[in-house]
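Fair warning: this is a prediction, and the values are worked out from it, not measured in the lab.
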Amino acid sequence: MKPEQVQAQLTRVLSEAIAELRDPRVPMIVTVERVTVTADYTLARVYVSALTSDMPGLLDALNRARGHLQREIGAQVKMRRTPTLEFRALEDARL
C-alpha cells in the first residue's frame, strides 16, 4: 500500500476510535488533522486538534489509550505491522 493510502486509512480509523473513547480529558470533538507515517511504517505521527484549553491533558489521554487505538488499527487496517502511534498537537506541526 502507498503511504497516502495508509495515512488516509489511519486517519479514518483513528477518528472513529478516538470519538468512542470514554476519558473525561477527551472532548466530544477531536479532529485527526493529519497522519504521517515513516518510510518503514513503524511510526505514525498523529496530529490532532480540539476546542479545548487542556491540550496536554488530551495528548496524555490519547497516549494512555495508545494500546487500544493500535489494536483498533490492527483489526481494521491490513498491514504487516501496526505502527507505533505518536500523538501531537496540530500547533506542533507548524514548527
Side-chain angles (χ1 to χ4, degrees):
M1 244 187 311
K2 294 180 182 172
E4 298 80 26
Q5 292 172 311
V6 171
Q7 291 166 181
Q9 286 189 342
L10 293 179
T11 300
R12 179 184 52 79
V13 171
L14 286 169
S15 294
E16 293 170 6
I18 290 171
E20 294 170 2
L21 291 177
R22 295 288 162 250
D23 188 308
R25 295 171 296 175
V26 178
M28 294 288 292
I29 299 172
V30 176
T31 305
V32 176
E33 297 285 352
R34 187 166 79 224
V35 177
T36 58
V37 292
T38 54
D40 60 359
Y41 298 115
T42 57
L43 177 69
R45 286 193 181 93
V46 182
Y47 295 94
V48 296
S49 67
L51 295 174
T52 179
S53 57
D54 187 21
M55 187 56 80
L58 169 61
L59 294 175
D60 184 53
L62 293 175
N63 281 313
R64 287 183 180 271
R66 178 186 290 147
H68 167 72
L69 296 171
Q70 286 180 192
R71 280 191 299 277
E72 286 292 316
I73 289 170
Q76 296 185 42
V77 182
K78 300 298 174 226
M79 298 176 72
R80 216 176 269 159
R81 278 198 197 106
T82 303
T84 301
L85 300 176
E86 185 178 278
F87 295 97
R88 295 188 175 186
L90 182 63
E91 299 83 58
D92 297 343
R94 296 188 187 104
L95 300 176

Student: Taking the side chain as every heavy atom from C-beta outward, state whether P27 and L58 have any atom pair closer than 4.5 Å.
Tutor: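 They are in side-chain contact.
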Student: Is it the case that one hydrophobic cluster holds both L90 and I29, taking links as side-chain heavy atoms less than 4.5 Å apart, direct or via other members?
Tutor: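 They do not share one cluster, since no chain of ILVMFWY contacts under 4.5 Å joins L90 to I29.
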Student: When you compare the side chain of V6 with that of P83, does any pair of heavy atoms fall below 4.5 Å?
Tutor: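 No; the side chains remain at least 4.5 Å from each other.
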Student: I want to check something: taking the side chain as every heavy atom from C-beta on, are L85 and I73 in contact at a cut-off of under 4.5 Å?
Tutor: yes
Student: Which heavy-atom pair separates A50 from M55 by the least distance, and what is that distance?
Tutor: N-CE, 4.0 Å
Student: Looking at every non-hydrogen atom in both residues, tell me the closest pair between R25 and A61 and how far apart they are.
Tutor: NH2-CA, 3.6 Å
Student: More than 12 non-hydrogen atoms from neighbouring residues, nucleotides or ligands closer than 6.0 Å to CG on L43, yes or no?
Tutor: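 Counting neighbours around CG of L43, more than 12 heavy atoms of other residues, nucleotides or ligands fall under 6.0 Å, so yes.
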Student: Shortest non-hydrogen contact from T42 to T38?
Tutor: N-OG1, 3.4 Å
Student: With sequence neighbours left out, which residue pairs that include part of residues 66-80 fulfil the side-chain hydrogen bond (donor to acceptor under 3.5 Å, both in side chains) condition?
Tutor: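 Pairs touching residues 66-80 that pass the test: N63-R66, E72-Q76.
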Student: Provide the closest heavy-atom pair for Y41 versus K2 in the form atom of the first, atom of the second, distance.
Tutor: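 Shortest heavy-atom separation between Y41 and K2 comes out as OH-C, 3.6 Å.
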Student: For R34, is there any backbone N or O sitting under 3.5 Å from a side-chain donor or acceptor partner on Q7?
Tutor: no
Student: Would you give me the side-chain donor-acceptor pairs under 3.5 Å for residues 13-21, sequence neighbours excluded?
Tutor:
residue : atom : partner : partner atom : Å
S15     : OG   : T11     : O            : 2.8

Student: Flag the pair L59 / V48 as yes when at least one side-chain heavy-atom distance between them is below 4.5 Å, and no otherwise.
Tutor: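 Of all side-chain heavy-atom pairs linking V48 with L59, at least one is under 4.5 Å.
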